[in-house]
Visitor: 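Okay, handing you the structure first.
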Amino acid sequence: MKQHPENIVTRFAPSPSGHLHVGGARTALFCWAFAKGRGGKFVLRIEDTDQKRSSDAASIGFVKDLLWLGIAWDEGPEYEGHGGGARGPYFQAQRLPIYQRYFDALIASGKAYYAFESTDELATLRDQAKAQNKPFRYTGEFARAMTKEQGDALLASGKPAVIRFHTPPEPITIHDEILGEATIPAGETDDFVIRKADGFPTYHFAVVVDDELMGVTHVLRAQEHFNNSAKHIVLQDALGFRRPIYGHLPLIFNPDGSKMSKRDKDKVLRKAVAERAMTSPPADSVDPGIFGAWLKDKNTQLDLSASVALAHALGVVLPEINVDDFRRSGYLPEVLCNFLSLNGWSPGGDLEKFDTEFLQSHFDLERVVKTPAKFDRSKLLAFNLHALKGMPREEFVQKVTVHGKVYHAEFMARLTESQFRSLCDASHERSKTLDDLFRTNGFVTVADDLLEWDPKAVTKVLQGSVPSGLDHLRAMEAILHDCEDWSVGGLESVLKSYADQSVAGNLGSIAQPLRVALCGGVVSPPIFDTLAILGKTSSLKRIARCLASHS
RNA sequence: GGCCCCAUCGUCUAGCCUGGUCCAGGACACCUCCCUUUCAAGGAGGACACAUGGGUUCGAAUCCCAUUGGGGUCACCA
């Protein structure tokens with residue numbers, strides 16, 4: 001690793017729209033690890049130079065997600081004790097006067113100029129170029145065709161104008177610590193806009209000015225920005241700034257190679273709805289009016305709460321896209337960080353499980369891979385399972401409780417503390433996420449007289465062979481009725497002895513009928529746990545009802 | 001389409017810079033068997049990759065070129 005004499009400063013500079021995407025989270029993680037591992041600073045800056053996008057509320061979501069992941073910033077927006085700093089403000093929309101100084105300098109030196117083409121005019125030119133299969137490049141000939149007086153007159157008349165940068169007609173070489181060196185031929189980078197008609201800087205301009213002013217030494221960002229570096233470099237040169245060191249990170253995709261997008265959730269829902277040929281929403285899921293409008297217009301998306309409700313009603317799982325989605329799904333932040341790191345970087349050798357402390361001390365640009373990664377959720381899931389299993393019981397219970405209070409309040413409310421505790425104990429070793437327990441144990445919260453039995457399970461487990469499941473159930477009902485010690489141990493001893501005498505100790509043939517009677521289906525925690533969690537009264541009620549309705 | 005970048009199992013990747021120790025290692029997924037009260041988990045096995053074609057070299061996954069394939073980018077979005 002090269003030694004950098006200066007103090008290292010990295011920054012994560014998201015636009016404030018929406019939540020933190022996993023790709024963005026990885027960028028933030030790498031920026032953070034790189035700086036913190038070298039005694040440097042990590043800056044968070046909000047790139048809100050697009051007035052069409054909302055700002056405040058959205059950036060809060062971001063900030064929470066970062067903190068949840070354990071990524072704290074040394075400088076940036078102030079939030080819960082983080083941020084602040086002398087080089088603020090850290091919202092670009094609040095830095096307009098700063099940018100203006102540099103615009104003025106560029107105009108004065110002739111390195112930038114006003115341009116008056118309207119968006120429509122430019123669109124037409126672009127369309128023409130596209131029709132000829134040629135790339136459109138703004139060369140400045142339009143602006144140069146007019147005299148200084150004409151230009152000034154137009155400006156004075158109030159005609160909307162942008163400022164464009166006069167890109168020097170030379171090749172631009174980008175040095176990248178990850179990709180190596182690339183030279184963009186002269187003429188490829190055109191006279192791009194640096195100030196929009198509304199007076200706001202464009203991304204390119206704001207980034208360059210702020211990176212300089214905030215002392216950013218290393219720019220780590222997604223590969224989609226690679227070509228932008230050319231623009232940033234010419235701007236830095238024109239402004240007399242130093243060039244930061246660049247590192248462009250490989251992109252993260254869906255397993256099918258498509259770009260990860262919030263629309264993926266909608267896709268899953270639309271597919272499920274289409275398969276079922278539904279024209280109205282499932283009961284208690286989404287407002288019929290909203291549902292109808294959504295169904296009609298494929299360009300609209302259901303909002304998060306509606307999506308979650310509909311997915312739940314349809315029994316489909318929404319793909320996680322944002323950090324918050326993974327949180328909701330019950331992933332551990334440290335596992336997400338670990339796994340995210342592995343997409344695009346590896347410490348070498350066979351090591352792949354590590355924490356963020358390790359990442360800090362080992363992350364380097366040399367080991368960042370150049371190829372895009374497909375995000376493999378099943379491996380993430382395996383990592384999460386492993387972390388959960390390796391966790392002390394108490395910690396697991398505590399984490400599940402916190403998760404449940406936030407995402408499954410109704411579930412929690414229907415269980416007594418000891419019931420919930422037992423459920424946690426029974427679920428610990430089989431939980432892949434903090435959410436599993438809530439999704440797979442619906443039978444616990446169903447009222448005894450509302451439990452429904454899966455017809456397939458009934459046919460398979462309760463009926464058929466002789467003696468049938470129902471026969472066993474009848475026998476066990478009596479045994480359980482007389483059972484004094486309704487603990488896992490007590491239940492085990494009475495039921496095992498029944499199994500010994502009735503089915504030669506083959507617990508499976510008696511546990512399954514019991515399970516179906518109690519839960520409605522063939523899957524539940526171990527049967528003795530299930531009985532204990534439900535309690536004697538509920539258990540007996542369910543068995544009786546099951547017997548009554550299937551005999 | 002122009003420009004830029006990339007190329008190892010299905011996936012994430014190690015190895016490549018400093019050619020031989022690689023008939024390519026790990027992990028997840030997959031398959032088989034075992035264990036088992038369901039589902040998981042666990043145990044033991046297994047299948048699976050150096051994109052192709054040319055060079056260079058005694059020798060190439062490793063170096064060079066071409067082809068093919070993939071990605072990015074061409075906004076008054078970031």
Side-chain angles (χ1 to χ4, degrees), chain A residues 13-17 47-50 52-53 115 117-119 122-123 126 129-130 132-138 160-164 174 176 179-180 182-185 187-190 192-198 200-204 206-207 221-230 248 250-251 253 255 257 259 339 342-353 366-367 369-383 385 389 427 429-432 436 440 457 461 492 495-496 499 506-512 514-516 519 521-528 530:
Chain A
S15 78
S17 56
E47 313 234 313
D48 53 353
T49 54
D50 185 1
K52 290 184 206 84
R53 300 193 189 187
E117 289 80 12
S118 70
T119 327
L122 289 169
R126 242 175 239 120
K130 186 155 193 176
Q132 297 171 49
N133 239 330
K134 283 182 178 167
F136 171 71
R137 294 283 118 86
Y138 187 99
V162 300
I163 297 179
R164 284 180 183 270
I174 304 166
D176 187 288
L179 296 173
T183 299
I184 312 292
E188 267 302 312
T189 306
D190 69 358
F192 53 98
V193 173
I194 54 177
R195 196 185 75 171
K196 310 176 203 178
D198 64 5
F200 274 59
T202 58
Y203 159 73
H204 304 298
V207 159
R221 45 152 61 146
Q223 248 173 48
E224 61 192 15
H225 285 295
F226 186 77
N227 290 282
N228 289 337
S229 302
H248 287 91
L251 266 17
F253 290 107
K259 230 174 180 173
F339 185 69
L342 255 18
N343 279 251
W345 181 79
S346 90
D350 295 338
L351 182 68
E352 59 175 2
K353 296 254 174 69
E366 263 168 41
R367 298 199 59 86
V369 300
K370 303 174 177 183
T371 51
K374 290 174 185 155
F375 194 85
D376 181 4
R377 288 190 182 72
S378 64
K379 184 159 178 173
L380 205 215
L381 203 55
F383 272 39
L385 166 89
K389 273 186 65 120
S427 306
E429 63 178 6
R430 78 197 68 246
S431 281
K432 293 190 172 182
D436 278 5
T440 57
V461 177
E492 186 170 352
L495 288 176
K496 274 208 167 140
N506 179 8
L507 260 180
S509 53
I510 66 153
Q512 280 307 79
L514 204 44
R515 192 176 328 265
V516 171
C519 312
V522 292
V523 178
S524 88
I527 196 63
F528 309 118
T530 302

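Values in this document were obtained by computation on a predicted structure and should not be read as measured data. Below, chain A is the first sequence line, B the second, and so on; all start at residue 1.
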Visitor: In whole angstrom, give me the gap between the C1' atoms of B:rC30 and B:rU11.
Guide: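 These two C1' atoms come out 11 Å apart once rounded.
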
Visitor: Give the B/S/- string for nucleotides 70-78 of chain B, one per nucleotide from 5' to 3', where a protein heavy atom under 4.0 Å of the base yields B, of only the sugar-phosphate yields S, and otherwise -.
Guide: -SBSBSBBB

Visitor: Using a 4.0 Å heavy-atom cut-off to protein, can you give one letter per nucleotide of nucleotides 22-35 of chain B, 5' to 3': B if the base is in contact, S if only the sugar-phosphate is, - if neither?
Guide: ---BBBBS------

Visitor: What nucleic acid atoms does A:L514 come within less than 4.0 Å of, heavy atoms only: base, sugar-phosphate, or nothing?
Guide: nothing

Visitor: With a non-hydrogen cut-off below 4.0 angstrom, is A:L179 in contact with a base, only sugar-phosphate, or nothing?
Guide: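 Sugar-phosphate: the residue A:L179, judged by heavy atoms under 4.0 Å, touches backbone atoms but no base.
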
Visitor: Can you check the distance between B:rU62 and B:rU18, where both ends of the measurement are the P atom (answer in whole Å)?
Guide: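 Pairwise P distance, B:rU62 against B:rU18, rounds to 14 Å.
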
Visitor: Tell me what A:S524 touches on the nucleic acid: a base, only sugar-phosphate, or nothing, going by heavy atoms under 4.0 Å.
Guide: base

Visitor: What nucleic acid atoms does A:K374 come within less than 4.0 Å of, heavy atoms only: base, sugar-phosphate, or nothing?
Guide: sugar-phosphate

Visitor: What interatomic distance, in whole Å, is found between C1' of B:rG69 and the corresponding atom of B:rA27?
Guide: 26 Å

Visitor: Where each residue is assigned the nucleotide of RNA chain B containing its nearest heavy atom, which of A:R515 and A:A373 is assigned the position nearer the 5′ end?
Guide: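 Of the two residues, A:A373 wins.
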
Visitor: Quick one: is the NZ or CZ of A:K353 closer than 6.0 Å to the six-membered ring centre of A:F383, and within 45° of its axis?
Guide: yes

Visitor: With heavy atoms under 4.0 Å as the rule, sort A:G180 into base, sugar-phosphate or nothing.
Guide: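 Touches nothing.
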
Visitor: Not counting sequence neighbours, which residues clear salt bridge (Lys or Arg N to Asp or Glu O under 4.0 Å) with A:R367? List them please.
Guide: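 Not a single residue meets the salt bridge (Lys or Arg N to Asp or Glu O under 4.0 Å) criterion with A:R367.
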
Visitor: Answer yes or no: is there a donor N or O on one side and an acceptor on the other, between the side chain of A:E117 and the main chain of A:V162, under 3.5 Å?
Guide: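 No; judged by distance alone, with no hydrogens or angles, the pair does not exist.
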
Visitor: Under 4.0 Å between any heavy atoms, over every strand shown, what does A:R377 touch: base, sugar-phosphate, or nothing? Just pick one.
Guide: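 Contact class for A:R377: none.
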
Visitor: Could you give the distance separating B:rG15 and B:rA75 at their P atoms, to the nearest angstrom?
Guide: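 The same atom, P, in both gives a distance of 38 Å.
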
Visitor: Identify, between A:G348 and A:R430, the residue whose nearest nucleotide on RNA chain B lies closer to the 5' end.
Guide: A:G348

